[in-house]
K.L.:
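Encoded as C-alpha cells, here's the structure I'll be asking about.
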Amino acid sequence: MFKNWLTFGMSAYHTPGFQDTSRLMTRAFHGEVIYVEPARSLLHKKNFKGTLWDWKSCKMGEHNTVLTPPLSVPKKLDILSTALKRQIKNIDNELSHHWGHDWRNETVVYVTNWTPYQYRIIERLNPQYVIFDCVDDVLSFPYGWNREEVVTAWRRLAELSSSVLAVSPTLRNQMEELLNRPVVLLPNGVDAELFMNPSPQVPAGLERNGNQIRVGFAGTLNHWIDFEAMLSIVDTFPEVSLIFVWERRSDGK
C-alpha cells in the first residue's frame, strides 16, 4: 500500500560524524524516498543567500531525493502566514511532481520529536499517514527550548499522527502524559548476534595494563559529550584510561 517515504529529518542528509534515527529509518525503506532537511531561520546571520520560497531538489540515487527547504520565516514576521503558505504550496508541487497528485494516500510521513515546528508544514499538507517517533527525552538536553511551545507543537503533531512511537518505557510514559494519547513502544534495534558472540581477540589498545581503571564509552561522538571534563579526568587520575568505541563506516570514514 505504501509506495513512498517522506521524512522531515533531524539533521542535514550528509551530516558527518554520526547517524540519527531519521536518516537510518529513511535508508531502510524500500521504495521511493524524499528526505526533507531541517530549515534554517531567516534570522540566522549566515542565511542571507537562502531562498524564501523555493525548495532545492537533489537526486541521491534512483529512488532517493533530498529537499533543502527555504528559509523559515518566524511567525512574528509572517503574521498572515503568507510565506508559509507559499512554501507549502511549493513543496506540495515538488511532491506531486515526484509521486503524482495522489501522493497523500500512498506515502508514510515520518517525523521525530527533534523537529516539533515541522507540524506547521505537515498539517497543511494534510497527509493521510503520519508517524511521530519520540526518539529522545529532548527537553532534558541543554538547548534552552521553550518547553510550553515545544509541547504544544508535539501535541499538534500527535493529533495528525496515525501512530506515535517511543524508544523506551520511560519515554513512552512521559509522552503519553504530555500528549494525552497512547504511545507505542518501539525499542532501538541491536544486532544481538554480533554483541553476544564477541571475537576472542582483544583489539589493540584494549589490553589490560596492571591495575589501571578503564572507563568505556560506546556510541555517537558528538557535541553533547563533555570532552573537557574527560580530559580533566585523565589529567587528575593517571590510573584511569578512557576508551571510546564507535562504528567505522564501510567507506572508512
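Quick note: residue numbers are just sequence positions, from 1.
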K.L.:
At their closest point, which heavy atom of N188 faces which heavy atom of V167, and how far apart are they?
P.N.:
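Result for this residue pair: OD1-CG1, 3.5 Å.
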
K.L.:
For F2, is the CZ atom crowded, meaning more than 12 foreign heavy atoms sit under 6.0 Å from it?
P.N.:
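Yes.
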
K.L.:
If I compare all heavy atoms of P38 with all of G9, which pair ends up nearest, and what's the gap?
P.N.:
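What the structure gives for the nearest pair is CG-O, 3.4 Å.
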
K.L.:
Return yes when atom CG of N146 has more than 12 non-hydrogen atoms of other residues, nucleotides or ligands closer than 6.0 Å, and no otherwise.
P.N.:
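Yes - once you tally the heavy atoms of other residues, nucleotides and ligands closer than 6.0 Å, there are more than 12.
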
K.L.:
What distance do C134 atom SG and E176 atom CD have between them, rounded to the nearest 0.5 Å?
P.N.:
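So the SG of C134 and the CD of E176 are separated by 10.0 Å.
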
K.L.:
What verdict does the side chain to side chain contact (heavy atoms under 4.5 Å, CB included) test give for Y117 and V150, after you've listed the backbone C-alpha separation in whole Å, the side-chain angles of each residue and the deciding distance to 0.1 Å?
P.N.:
CA-CA 8 Å; Y117 302 115; V150 169; 3.8 Å; yes

K.L.:
Is any side-chain heavy atom of W99 less than 4.5 Å from a side-chain heavy atom of T107?
P.N.:
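Sidechains of T107 and W99: in contact.
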
K.L.:
With rounding to the nearest 0.5 Å, note down the distance linking CD in Q87 to CH2 in W53.
P.N.:
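Result: 7.0 Å between the selected atoms.
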
K.L.:
Do the side chains of W145 and L157 join up, straight or via other hydrophobic residues, at under 4.5 Å, putting them in one cluster?
P.N.:
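Both belong to a single hydrophobic cluster.
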
K.L.:
Can you tell me how far CD1 of I91 sits from CZ of R86, rounded to the nearest 0.5 angstrom?
P.N.:
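Nearest 0.5 Å value for the CZ-CD1 distance: 15.0 Å.
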
K.L.:
Kindly determine whether V109 and Q128 satisfy side chain to side chain contact (heavy atoms under 4.5 Å, CB included), including the steps that lead there.
P.N.:
CA-CA 8 Å; V109 177; Q128 186 170 347; over 6 Å; no

K.L.:
Let me confirm one number: the CZ-NZ distance from R124 to K85, rounded to the nearest 0.5 Å.
P.N.:
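Here the interatomic distance stands at 7.5 Å.
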
K.L.:
Working to the nearest 0.5 angstrom, can you tell me the gap between T82 OG1 and D78 CG?
P.N.:
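It comes to 5.5 Å.
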
K.L.:
So does N113 get a backbone contact from the side chain of W154, meaning a donor-acceptor N/O pair under 3.5 Å?
P.N.:
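Side chain of W154 to backbone of N113, a donor-acceptor pair under 3.5 Å: yes, one is there.
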
K.L.:
Looking at E123 and R156, is there a salt bridge between them, counting it only when a charged N and a carboxylate O are closer than 4.0 Å?
P.N.:
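Salt bridge present between R156 and E123.
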
K.L.:
What distance do L67 atom CG and E37 atom CD have between them, rounded to the nearest 0.5 Å?
P.N.:
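Output value for this atom pair is 8.5 Å.
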
K.L.:
When you look at W114 and F141, which way does the ring-ring contact (aromatic ring centres under 6.0 Å, His included) test go after all the steps?
P.N.:
CA-CA 11 Å; W114 272 104; F141 284 67; 5.0 Å; yes

K.L.:
May I ask you to check whether Y110 and F8 place their ring centres under 6.0 Å from each other?
P.N.:
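Between F8 and Y110, the centre distance exceeds or equals 6.0 Å.
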
K.L.:
Is it the case that atom CD in E239 sees more than 12 heavy atoms from other parts of the structure closer than 6.0 Å?
P.N.:
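Result for CD/E239: enclosed.
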
K.L.:
Of the options T21, D20, T26, which is the one that meets R23 in a side-chain hydrogen bond (donor to acceptor under 3.5 Å, both in side chains)?
P.N.:
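So, applying the side-chain hydrogen bond (donor to acceptor under 3.5 Å, both in side chains) to R23 and each of T21, D20, T26, only D20 qualifies.
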
K.L.:
Could you pull out the closest heavy-atom pair between G31 and H63, with the gap in Å?
P.N.:
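Nearest heavy atoms, G31 then H63: O-CB, 3.6 Å.
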
K.L.:
If Ile, Leu, Val, Met, Phe, Trp and Tyr residues are connected whenever their side-chain heavy atoms lie under 4.5 Å apart, and connections chain through other members, are V108 and V184 in the same group?
P.N.:
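Hydrophobic grouping puts V108 with V184.
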
K.L.:
Which pair of heavy atoms, one from P69 and one from A39, lies closest together, and at what distance?
P.N.:
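In terms of heavy atoms, the two residues are closest at CG-CA, 3.6 Å.
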
K.L.:
For residues L95 and M60: do they belong to one hydrophobic cluster (side chain heavy atoms under 4.5 Å, members Ile, Leu, Val, Met, Phe, Trp, Tyr)?
P.N.:
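L95 and M60: separate clusters.
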
K.L.:
Which pair of non-hydrogen atoms, one from H98 and one from T65, has the smallest distance, and what is that distance?
P.N.:
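Looks like CE1-OG1, 3.7 Å.
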
